[in-house]
Amino acid sequence: MKAVLVVGARPNFMKAAPLMREFSLRGGIEASLVHTGQHYDENMSKIFFEDLELPEPDIYLGIGSGSHAEQTARVMVEFEKYVLTDRPDLIIVVGDVNSTLACSIVGSKLWIPVAHVEAGLRSFDLAMPEEINRMVTDILARFCFTTSPEAETNLKKEGVGEERIFFVGNIMIDSLLNYIDKADGSAILDRLGLVEKEYLLVTLHRPSNVDNPDELRELFAMLSRLAERMPVVLPVHPRTKKMLESADPPIALSGRLKLVDPVGYLEFVGMMKSAGVVVTDSGGIQEETTVLGIPCVTVRENTERPITIEVGTNILAGTDPAGVEAAVNRILDDGIGDHSLPPLWDGKTAGRIADIIEKHFP
Ligand code: UD1
Ligand code: UDP
């Protein structure tokens, strides 16, 4: 059988790599890789192909940035051309980015079954573009591969039939466990003069946190205060960089705030492993810190990954800087206590997905 696997943005690559590896080991599923080009900077795309040993994409659609409608529409137009030529039996999409949505719509309208890896996550916040992408993708997908039990409940409430839902575990954790020993942040930490467990690692890129310059200024003022207690390192996402550069009046940055360019997967996992606390609005990082057992303070009002809170590593602090600051200080004073692992976050998710695909396409 022929499958097409779609990647487009940074959080897609670590979800696709275990599947490509599994398919090539088995031989029964002939998989091609489509890169939409939603992310295109070397450190948002190419470096992940090297770090995660992903094969070169069979086709690069070169979509680039744009408004939601522009980006989604461009992916649809170019992906449809590819699918009409390649005629796959299955289209596999991962996560919740615009490329995920666009390719799901294209596949469904051409009557090609779609498999969604990481289905059923819900923040119940329609102001998040990703929530719309998740809901539409799941309604269309023939195969909803879920990471956690509550995802199944969410899908059933929206009318997705049981025969479409498969609890397979968390594909990101396949990559994390595969590369955890190789992951090494020491070069960048040495360069910045940072000591193991004695720094905060921060990432911020959600439009709700970074697109308003006044709110961004307040968040950075809070990070500067935290940096007085413990140095802060922040690999800056291109969306955030653009906002920092255009803010008027300029946003003040403490010298103890170490802003660096986005780093590759091996370096970032290495930096997470050694961090005292991670502060983030990323989806995937909430999950990776759960498996690493590193305290995570999530700078959001809601999360589509509540299991990371239930098992004890993640604290949903809200977006008010005072609340985030208090949560970090609390962890630095008292730690996070007992924590555990969600079921099936065991590094074997790609195998379970391949088993199900093979069963349905004998
Ligand atoms: C996208 C996803 C988001 C995901 C994030 C991961 C959607 C709607 N959003 O958000 O769910 O969490 O990726 O990182 O799909 N840019 C560059 N170089 C790049 C890519 C982007 O400079 O390689 C800049 C451009 O100015 C662009 C902006 O970043 O306009 C935003 O990029 P975009 O892909 O639209 O959304 P993200 O914020 O990256
Ligand atoms: N990541 C990385 N380098 C960075 C920041 C993040 O390799 O500088 C990795 C991180 O380990 C995780 C993924 O990128 O695997 C998360 O992507 P992102 O936060 O961009 O997206 P989200 O998960 O919020 O959709």
Side-chain angles (χ1 to χ4, degrees), residues 7-18 35-48 50-52 62-72 74-75 93-103 118 121 123 127-134 137 170-176 179-180 183 185 188 201-211 233-246 259-273 275 278 280-289 291-292 294 296 298-300 303-305 308:
V7 291
R10 178 168 71 186
N12 297 158
F13 305 122
M14 55 296 294
K15 298 170 192 172
H35 188 334
T36 66
Q38 176 173 345
H39 284 175
Y40 43 85
D41 288 351
E42 185 145 340
N43 57 16
M44 296 296 286
S45 171
K46 187 167 185 290
I47 193 166
F48 293 92
E50 293 156 14
D51 280 8
L52 294 154
I63 298 309
S65 305
S67 72
H68 284 276
E70 286 165 346
Q71 194 174 54
T72 309
R74 285 205 295 264
V75 175
V93 296
V94 301
D96 55 16
V97 301
N98 284 346
S99 302
T100 313
L101 168 73
C103 297
E118 210 180 78
L121 297 184
S123 64
M128 267 188 105
E130 294 82 1
E131 184 75 352
I132 298 169
N133 296 347
R134 293 178 201 120
T137 301
N170 193 332
I171 195 82
M172 280 197 103
I173 306 309
D174 286 26
S175 279
L176 186 66
Y179 288 105
I180 196 162
I188 194 161
L201 175 61
V202 180
T203 79
L204 293 171
H205 72 271
R206 294 272 155 232
S208 53
N209 282 330
V210 308
D211 277 8
V233 56
L234 196 157
V236 185
H237 188 283
R239 172 187 285 277
T240 312
K241 184 173 184 206
K242 200 166 68 174
M243 295 310 299
L244 281 174
E245 285 173 352
S246 62
L259 304 193
V260 296
D261 287 335
V263 300
Y265 184 72
L266 295 176
E267 202 158 35
F268 192 78
V269 171
M271 290 166 82
M272 272 193 292
K273 272 199 304 193
V278 172
T280 192
D281 58 11
S282 160
I285 293 171
Q286 293 174 63
E287 300 183 330
E288 290 166 337
T289 46
V291 174
L292 294 169
I294 301 288
C296 177
T298 296
V299 189
R300 288 178 43 186
T303 178
E304 62 289 334
R305 290 156 162 99
T308 59

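Numbering of ligands and ligand atoms starts at 1, following listing order. Atom set for the values below is all heavy atoms of this structure, side chains included, hydrogens, waters and symmetry mates excluded.
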Item to check | Flag for Glu287-Asn170: side-chain donor and acceptor within less than 3.5 Å | outcome: yes
Checklist entry - Would you say Thr203 has any N or O atom under 3.5 Å from an N or O of ligand 2, going by distance alone? => result no
Checklist entry - Would one find an N or O of His237, backbone or side chain, under 3.5 Å from an N or O of ligand 2? => result no
Checklist entry - Would you call Ile294 and Lys273 a side-chain contact if the rule is heavy atoms closer than 4.5 Å? => result no
Checklist entry - Which option out of Lys242, His39, Glu42 puts a heavy atom nearest to atom 39 (O) of ligand 1? => result His39
Item to check | N or O pair under 3.5 Å between Val263 and ligand 2 | outcome: yes
Checklist entry - Between Met14 and ligand 2, does any nitrogen or oxygen pair lie at a separation below 3.5 Å? => result no
Next on the checklist: Is it the case that ligand 2 has an N or O less than 3.5 angstrom from some N or O of Arg206?
Outcome noted: yes
Next on the checklist: Any atom of ligand 2 sitting under 4.0 Å from a heavy atom of Met272?
Outcome noted: yes
Checklist outcome for this item: Looking at His205, Glu130, Arg10, the heavy atom closest to atom 12 (O) of ligand 1 belongs to His205
Checklist entry - Heavy-atom distance to atom 28 (C) of ligand 1: which of Arg239, Met44, Met243 wins? => result Arg239
Next on the checklist: Using a plain distance cutoff, I'd like to know if Asp96 has any nitrogen or oxygen under 3.5 Å from a nitrogen or oxygen of ligand 2.
Outcome noted: no
Checklist entry - Tell me the salt bridge (charged side-chain N to carboxylate O under 4.0 Å, His left out) pairs involving residues 7-16, sequence neighbours left out? => result Lys15-Glu118
Item to check | Test item, Lys241 contacting ligand 1 (heavy atom, 4.0 angstrom) | outcome: no
Checklist entry - If you measure from each heavy atom of Val269 to ligand 2, is any distance below 4.0 Å? => result no
Checklist entry - Does an N or O from Met172, backbone or side chain, lie closer than 3.5 Å to an N or O of ligand 2? => result no
Checklist entry - Considering distance alone, does some N or O of Asn133 sit under 3.5 Å from an N or O of ligand 1? => result no
Checklist outcome for this item: Checking Thr36, Val75, Val93 against Thr100 for side-chain contact (heavy atoms from CB on, under 4.5 Å), the one that qualifies is Val93
Checklist entry - Counting distance only, does the side-chain N/O of Asn209 pair as donor-acceptor with the main-chain N or O of Val299 below 3.5 Å? => result yes
Next on the checklist: Are Thr203 and Pro262 packed together at the side-chain level, in the sense that at least one heavy-atom pair is separated by less than 4.5 angstrom?
Outcome noted: no
Checklist entry - Does His205 come within less than 4.0 Å of ligand 2, judged by its heavy atoms? => result yes
